[in-house]
Protein chains: 2
Amino acid sequence: MDKSTLAREVTQLHAEICSALADPRRILMLYTLHECSRNVGDLAVEIGISQPATSRHLKILKQRGLVSATRKGASVEYALIDERLIQALDLLRAVLYDRLTQRANLVEEAANYTEW
Amino acid sequence: MDKSTLAREVTQLHAEICSALADPRRILMLYTLHECSRNVGDLAVEIGISQPATSRHLKILKQRGLVSATRKGASVEYALIDERLIQALDLLRAVLYDRLTQRANLVEEAANYTEW
DNA sequence: TAACTTTATTCGCATAACCGAATATATTGA
DNA sequence: TCAATATATTCGGTTATGCGAATAAAGTTA
């Protein structure tokens, strides 16, 4: 594998990590697991989705190396792998907030905007 | 709109930003635009994809508020909106590198692994 | 206006992602 | 082993995303 092929592979993996983040439930899961590790059932209740859906989302996060899974008796405890995932999410959220704030200011300034 | 509805909306937008990052070409575009702003044609050459594909990817990045577009005569110059997007991408790439390095070390340590 | 350059969009299609429902697997404890 | 609990997977169908090819639209210059 030559250098540019390697770079392409890494960028592909980079995109796969991002696509693991590209779902609101999975983002909530990561923030929730950042508080503390949890098993599937508790996480399902916390996020408000079904057990199979929770399990499938966790599988995706695990495949991409974002969470770890440890069996604890009958249940499986999932944990956030790396604090930097939260840092990255926070940065993106900050960009988002700036965008919303900016838009809100425009609305204030121009009262003829009735919806946005 | 109540508080939890708002939170859900924001998380949805958060996920939409992440999904804008969930493609290797778009990641390359953001890193490329971080060097300097470019028009569509130059970016297409740099990334190595067609002009229509480039335009479509840029449309997605623009819709999600990640790049800006400024017409400069016949061409349109695209620019990165926010440095923090690169910081976020770098953090995710660092997590990825750690994962790859860790895996490589395991391979070194256990010579009976022939593929990974 | 006509020819040219640059960018954006549409169309038809293929693939990937996601869901609910049902079911399978794993673990514990009686 | 059997019942109960916890987790994971499969199935079928829907929606979202991506592409190339063709075409439209916008801007420039003669």
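The analysis underlying the following values was restricted to heavy atoms, covering all of them including side chains, and did not include hydrogens, waters or symmetry mates. Chain naming here is simple, since letters A, B, ... match the order of the sequence lines and numbering starts at 1 in each.
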Find the distance [X]:[atom1] to [N]:[atom2] and express it as a whole number of Å.
X        : N       : atom1 : atom2 : answer
Ile47(A) : dC19(C) : CD1   : P     : 13 Å
Leu61(B) : dG18(D) : CG    : P     : 10 Å
Ile49(B) : dA8(C)  : CD1   : P     : 13 Å
Met29(A) : dC18(C) : CE    : P     : 11 Å
Arg71(B) : dA25(D) : CZ    : P     : 14 Å
Leu21(A) : dA17(C) : CG    : P     : 14 Å
Lys72(B) : dT28(D) : NZ    : C1'   : 17 Å
Arg64(A) : dA17(C) : CZ    : C1'   : 10 Å

Out of [options], which nucleotide sits closest to the side chain of [X]?
X        : options                  : answer
Asn39(A) : dT7(D), dT7(C), dT27(C)  : dT7(D)
Ser55(B) : dT9(D), dA8(C), dT7(D)   : dA8(C)
Arg56(A) : dT10(D), dA8(C), dG18(D) : dT10(D)

Does this structure show an ion pair linking Asp98(A) with Arg84(B), if we count only N-O contacts that are shorter than 4.0 Å?
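Looking at Arg84(B) together with Asp98(A), the answer is yes, because their closest N to O distance falls below 4.0 Å.
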N-O pairing of Glu46(B) and Arg38(B) below 4.0 Å
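A salt bridge is present here (some side-chain N lies under 4.0 Å from a carboxylate O).
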Hey, is the side chain of [X] poking within less than 4.0 Å of OP1 or OP2 on [N], counting only N and O atoms?
X        : N       : answer
Arg26(B) : dG18(D) : yes
Lys59(B) : dT9(C)  : yes
Tyr78(B) : dT6(C)  : no
Ser50(B) : dG20(D) : yes
His57(A) : dC19(C) : yes
Arg25(B) : dC19(D) : yes

Base, sugar-phosphate or nothing for Thr54(B)? Non-hydrogen atoms, less than 4.0 Å.
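Thr54(B): no heavy atom of the nucleic acid under 4.0 Å.
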With a 4.0 Å cut-off on heavy atoms, is Leu58(A) in touch with a base, just the backbone sugar-phosphate, or nothing at all?
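Since no nucleic acid heavy atom lies under 4.0 Å of Leu58(A), the category is nothing.
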Only one of Glu16(B), Glu9(B), Arg8(B) passes side chain to side chain donor-acceptor pair (under 3.5 Å) with Gln12(B); say which it is.
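Result for side chain to side chain donor-acceptor pair (under 3.5 Å) with Gln12(B): Glu16(B).
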Is it true that Asp42(B) and Tyr78(B) share a donor-acceptor pair across their side chains at a distance under 3.5 Å?
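There is no such pair (donor and acceptor under 3.5 Å, judged by atom type) between the side chains of Tyr78(B) and Asp42(B).
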Arg25(B)-Thr11(A) side chain donor-acceptor pair, cut-off 3.5 Å:
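Thr11(A) and Arg25(B) do not have a side-chain donor-acceptor pair below 3.5 Å.
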Would you kindly check whether a donor in the side chain of Gln51(A) faces an acceptor in the base of dA6(D), or vice versa, at under 3.5 angstrom?
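Check fails, no donor-acceptor contact within cut-off.
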In terms of the nearest nucleotide of DNA chain C, which residue is placed more toward the 5' end: Ala22(A) or Ser75(A)?
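Taking each residue's closest nucleotide, the earlier one in sequence belongs to Ala22(A).
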Ignoring hydrogens and geometry, is there a side-chain-to-backbone donor-acceptor pair from Arg26(B) to Ser19(B) under 3.5 Å?
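Present.
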